[in-house]
Structure formats: C-alpha cells, structure tokens
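Down below is the structure, laid out as structure tokens.
Below, read A as the first sequence line, B as the second, and so on, with proteins coming before strands; counting in each chain starts at 1. Just so you know, these numbers come straight off a predicted model, no measurement behind them.
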Number of protein chains: 2
Amino acid sequence: MGVSQIKVGITEPRTASQDSRDEILKAAMQLFANRGFHETSMSEVAREAHVSKALIFWHFKTKEELFVAVLNRLLEPYFIDFAEEAAAMDERQQIEKLVEAYLLFVRDNASSVRFFLAQMLHDQRLSEGLNEQVLKLYSGYRAMLVELITRVQQKNICALRTAPESAAAFLLSALNGLLIEYLFMGANAIDPEGAVAMVGEWLFGPSGTSSSEGGAPSA
Amino acid sequence: MGVSQIKVGITEPRTASQDSRDEILKAAMQLFANRGFHETSMSEVAREAHVSKALIFWHFKTKEELFVAVLNRLLEPYFIDFAEEAAAMDERQQIEKLVEAYLLFVRDNASSVRFFLAQMLHDQRLSEGLNEQVLKLYSGYRAMLVELITRVQQKNICALRTAPESAAAFLLSALNGLLIEYLFMGANAIDPEGAVAMVGEWLFGPSGTSSSEGGAPSA
DNA sequence: ACTGCGGCTAACCATTCGGTCAATGGCAAC
DNA sequence: GTTGCCATTGACCGAATGGTTAGCCGCAGT
C-alpha cells in the first residue's frame with residue numbers, strides 16, 4: 001500500500017512495527033476524535049490505517065488499551081510551555097498571553113479538544129487517570145490566573161474588585177464558553193485578539209491595550 | 001408537533017398505549033441522557049421500560065425515531081418564559097434576570113443539557129432539525145442580550161464600551177463556560193448569585209448590586 | 001358467536017461487534 | 001539451508017446489535 005518506508009541506514013532503524021503502530025494510533029485518534037469511543041469500530045480503525053484488524057489486537061490487547069494509548073498521545077502536546085517567556089512580561093501581559101495561548105491552543109487542536117470533551121461528557125469512569133491529568137492541567141492554569149489577578153489587584157492596576165478566585169473562575173468559564181462556541185458554531189467563532197481585548201477591558205477598565213504588537217488577524 | 005391534545009372527559013381515558021409509550025420515552029430519555037445514543041441499546045430501553053423490544057418498534061419505527069421523540073420531549077421545557085415579568089424591570093435587572101434564568105435552568109436540567117451537548121458534539125448530522133431548534137433558542141437568547149446591552153449603553157449606564165454583539169457573545173460564552181464547569185466539576189461549581197454579581201460588575205462597573213444582596217462567592 | 005383491531009410479545013434474522021487463531025512472509029543468526 | 005522470531009494476515013467465533021414476523025390476548029361492534 002501507500003507506505004513509504006525508506007530505510008536510512010545511518011539513523012535509527014525505525015522498525016516497521018513502530019510504523020504500523022503509529023499509523024494505527026493516528027487513524028484511531030482521528031476516528032475516536034470525531035465519532036467517539038463506542039461509535040468507532042476496530043474494523044474501521046483497521047481500514048483507515050490500511051492494516052488488518054488482527055494487527056491492531058497484536059499491538060494493543062483490547063480496544064480500551066488502544067483508546068488509552070490514543071488518549072496519552074493526545075495529552076502530550078497539552079502542556080503549554082509558558083514560564084520562560086512569561087518572565088519578561090508584566091502581569092497584564094502575562095494574563096493576556098495566557099488567554100491568548102488558551103484560545104490558540106483550542107483553535108489549533110480542535111479535534112483533540114472535542115475528543116476529550118466528548119469523552120468526559122459521558123464516560124466519566126473510563127480512563128480515570130486521564131481525566132485526572134486533564135484536571136491537573138486545568139487547575140494549574142487556573143492557579144496561574146488566580147495568582148496573576150491577585151498580584152494585579154495588589155498593585156492597584158486592576159479595575160475589578162471581585163475575589164481573585166471568582167474572577168479567575170469567571171474568566172476560565174468565559175474561555176471555556178468560547179471553546180464550546182468554537183466547537184459548535186462555525187470555526188469563525190473564536191477570535192483570540194478580540195477576546196484578549198475584552199478581557200483587558202474587563203480587568204483593567206476601558207483603555208488602550210497594553211502591548212499592541214498589532215499583528216493582522218489570521219483567521 | 002408537540003401537540004398535547006388531552007381529551008378532558010370526566011376521567012382520563014389514558015389508554016394503555018399512551019402509558020407504555022410514555023414509559024418507553026421515559027426510560028429512553030434516561031438511558032440516552034447518561035449513556036448516549038450509540039451506547040444505548042433498544043433491548044436496554046425495553047428492559048428499563050418493562051416492555052418487550054418489539055413494542056418499542058411498534059411505537060417508533062426506528063431507533064432514530066425514538067431518539068427524536070425523546071429529543072422533542074426534552075426540548076419542551078426549554079423555552080424560558082421571560083417576557084411577561086421582564087416588562088416591569090429596568091434593563092439592568094432584565095440582564096441579571098436573564099443570566100440567572102440561564103444558570104438556574106442549567107442547574108435544574110443538567111442531565112438534559114448534558115444530553116444535548118453530547119449529542120451536538122459528535123453526531124452533527126443526526127437529528128438536524130433538533131439542532132436547528134436549539135440553535136434558534138440560543139440565538140434568540142443572544143439577541144435579547146444584544147438588545148439589552150445596546151439600550152444600556154445608549155442610556156450611558158454601562159461601563160463597557162465594546163460592541164454589544166461582542167459583549168453579548170462574551171457573556172454568553174461565560175455562561176456556557178459555567179455550564180460546562182458545572183457538568184464536569186462538582187455540582188457546587190455553579191453559583192447563580194455570584195455570577196450575576198460578577199456580570200453586574202463587568203457591565204456596570206464596581207458598585208452595589210442592583211437587586212440582590214452581596215453573597216460571599218463560593219469556591 | 002364471530003370478526004376486527006389495537007396493544008403486546010417470543011422468537012427469529014441478518015449484520016456487526018470485539019476478539020482469537022492458525023498460518024505465512026521476511027529476515028537476521030547460526 | 002535451516003531455525004526462530006517478528007510482523008502481519010484472512011478466516012473465524014460467540015455475543016450483541018437494530019429490526020422483523022407471526023401470532024397471542026382482550027374487547028368493542030355486529
């Protein structure tokens with residue numbers, strides 16, 4: 001079939017086994033993402049991966065194991081590398097950067113996000129460890145927001161007087177709302193720059209944006 | 001559709017057929033709600049409704065038809081009766097009332113909301129008419145918000161200077177975010193009063209709430 | 001008494017599901 | 001060349017799926 005497995009002797013062997021395993025995972029990821037777990041059959045995965053169904057069961061003992069493998073692979077890029085660039089920014093810029101990163105991530109990983117959402121929506125008990133990881137990520141993000149808002153309030157440059165926890169929760173909710181709006185309504189629903197501006201106005205009152213490195217809107 | 005033509009004789013005739021149909025719908029609703037469409041089998045519905053599987057197919061031609069029937073029944077209470085009480089309130093109170101109604105509805109109909117969410121998440125093409133209805137409801141709600149914010153801005157009692165459409169979209173997103181937070185995190189996540197206060201502060205600046213007493217924000 | 005029909009069911013059907021198994025080709029080691 | 005392992009496959013399995021069919025039961029109309 002269409003596989004182009006060119007051996008490049010000098011570098012790592014990259015066995016055919018790994019190749020097929022990879023393609024199975026890739027196909028499964030796609031199918032699970034926009035059809036869900038129960039609606040995706042192993043035969044479909046096999047067909048999409050150009051591989052026999054039996055081979056899937058050779059790589060992964062059960063359907064659940066394949067599923068968990070997909071989940072783990074999806075979770076990999078979910079860690080937003082943030083700390084390094086944040087050091088040079090003031091709090092307001094950090095907050096705005098966080099918001100922007102969240103939305104950009106959602107926009108660029110829509111199918112994965114959709115996947116997790118669908119998964120968490122009804123199969124709460126399957127893949128418990130995974131949910132835990134996602135939750136951890138989530139609350140980490142929230143903690144960063146809380147801290148930033150706290151600092152910003154202490155410095156008195158914040159127009160908002162609500163408790164930081166509530167404010168962060170509200171902001172996070174707004175972001176999540178944008179997320180689901182993006183998933184359900186058309187792809188044009190998410191507008192990171194607009195959202196950042198809105199958050200700025202909400203937190204710091206009506207004023208010019210802090211860091212206007214004005215890039216043209218991409219979408 | 002949705003006709004409720006109950007003949008009011010002296011006593012309700014209430015044929016056995018209607019009874020069984022009702023119980024099937026009830027069982028199906030419950031199963032669909034927390035297991036999804038594909039994960040729910042007709043045999044399960046039958047067992048849960050204490051009825052033979054064939055009877056289900058006597059009432060409803062296919063599984064999809066049963067599903068749509070359930071959807072329609074779920075959609076009935078979704079129309080927030082709002083206009084009548086709104087007349088007596090000023091714009092700010094109306095906005096706050098809208099927000100509160102949204103959150104209360106979500107809290108009280110969590111399983112239905114979860115159901116619709118899951119449904120819209122992956123099976124976009126199934127039950128297209130339903131999605132249409134939900135969308136209609138949704139954009140109606142949004143339109144009300146837009147109009148209210150517009151008026152409030154014209155009256156100059158609004159601290160926010162963003163375009164009403166953007167503001168409404170942002171507010172709706174925040175509400176949706178609270179929604180999914182409620183669905184995923186514990187039931188304690190939703191706090192209508194706190195949210196209303198927050199929205200008030202966002203739109204009208206830091207001041208005493210218009211109609212409600214200050215409630216301590218819960219975590 | 002019989003007929004017709006709405007409500008209901010057990011048994012059945014074809015298909016698909018997750019999963020198994022015996023068998024095979026390729027290839028490195030001996 | 002043979003051995004042995006890795007990767008891979010088509011054919012197969014029992015269970016469960018959505019859906020059908022033939023027929024039962026009670027009862028109103030005649």
Side-chain angles (χ1 to χ4, degrees), chain A residues 1-10 12-29 31-32 35-71 119 122-123 126-127, chain B residues 5-7 9 11-29 31-32 35-71 119 122-123 125-127:
Chain A
M1 306 308 289
V3 231
S4 58
Q5 62 248 22
I6 302 165
K7 299 291 183 189
V8 215
I10 297 180
E12 274 211 12
R14 183 77 191 147
T15 68
S17 170
Q18 283 172 321
D19 259 5
S20 69
R21 195 190 144 97
D22 236 51
E23 248 172 90
I24 291 170
L25 277 174
K26 215 177 89 189
M29 187 180 328
L31 286 171
F32 282 147
R35 305 174 64 111
F37 178 77
H38 292 274
E39 301 92 314
T40 301
S41 76
M42 296 302 262
S43 315
E44 275 176 308
V45 176
R47 193 183 321 124
E48 207 68 20
H50 309 287
V51 140
S52 76
K53 193 175 57 164
L55 182 58
I56 304 183
F57 282 99
W58 185 84
H59 278 297
F60 310 93
K61 226 164 290 190
T62 71
K63 189 184 180 184
E64 263 88 10
E65 192 178 307
L66 168 63
F67 180 74
V68 170
V70 168
L71 243 49
Q119 193 46 41
H122 49 226
D123 240 348
L126 188 63
S127 67
Chain B
Q5 65 255 21
I6 300 168
K7 298 300 178 194
T11 61
E12 280 195 10
R14 190 76 190 143
T15 67
S17 169
Q18 283 172 320
D19 258 7
S20 68
R21 193 189 145 97
D22 236 50
E23 245 172 276
I24 291 171
L25 276 174
K26 215 177 89 188
M29 188 181 327
L31 286 170
F32 281 148
R35 304 173 62 110
F37 179 78
H38 292 273
E39 300 93 311
T40 301
S41 77
M42 297 301 262
S43 314
E44 274 176 309
V45 176
R47 191 184 321 126
E48 208 67 19
H50 308 289
V51 139
S52 77
K53 193 174 58 163
L55 181 57
I56 304 184
F57 283 100
W58 185 84
H59 279 297
F60 311 93
K61 227 163 291 190
T62 69
K63 189 184 180 185
E64 262 88 9
E65 192 178 307
L66 168 63
F67 180 73
V68 170
V70 168
L71 244 48
Q119 194 45 41
H122 46 230
D123 242 344
R125 55 211 79 90
L126 188 62
S127 68

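For D/dG10, neither phosphate oxygen OP1 nor OP2 lies less than 4.0 angstrom from any side-chain nitrogen or oxygen of A/S52. The side chain of A/S41 contributes no N or O atom lying less than 4.0 Å from OP1 or OP2 of C/dT16. The side chain of B/S20 places an N or O atom within less than 4.0 Å of a non-bridging phosphate oxygen (OP1 or OP2) of C/dC8. The phosphate of D/dT8 (OP1 or OP2) has a side-chain N or O of A/H59 nearer than 4.0 angstrom.
With a 6.0 Å radius and a threshold of 12 heavy atoms from other residues, nucleotides or ligands, B/E48 has its CD atom at or below the threshold.
Each of D/dT21, D/dG19, D/dT8 was ranked by its minimum atom distance to the side chain of A/L55; first place goes to D/dT8.
If you take CZ of B/F60 and P of D/dT20, they are 15 Å apart, rounded to a whole angstrom. One can place CZ of A/F57 at 15 Å from P of D/dG10, the figure rounded to the nearest angstrom. In this structure, A/H38 atom NE2 and D/dG18 atom C1' are separated by 17 Å, rounded to whole Å. Atoms CG (A/D22) and P (D/dA7) sit 14 Å apart, rounded to a whole Å. Remark: C1' of C/dT24 and CH2 of A/W58 are 15 Å apart, rounded to the nearest angstrom. One atom, CG of B/L66, and another, C1' of D/dG19, lie 13 Å apart when rounded to the nearest Å. Distance A/E39 CD to C/dC17 C1': 14 Å, rounded to the nearest Å. A/M42 has its CE atom 20 Å from the P atom of D/dA15, to the nearest Å.
The minimum heavy-atom distance between A/H59 and A/I24, with the atom names listed, is CD2-CD1, 3.6 Å. Residue B/M29 comes nearest to B/V70 through the heavy atom pair CA-CG1, 3.7 Å, listed as atom of the first residue, atom of the second, then distance. Taking all atoms of both residues into account, the shortest heavy-atom contact from A/V45 to A/A27 is O-CB, 4.0 Å.
Side-chain atoms of B/K53 and base atoms of D/dG19 include a donor and an acceptor less than 3.5 Å apart.
Comparing A/K61 and A/E44 against DNA chain C, the residue whose closest nucleotide sits nearer the 5' end is A/E44. Across the interface with DNA chain D, nearest-nucleotide mapping of B/A54 and B/K63 shows B/K63 to be the residue nearer the 5′ end.
Taking the six-membered ring where the residue is Trp, B/F32 and B/F37 present parallel rings, their angle staying beneath 30° rather than reaching 60°.
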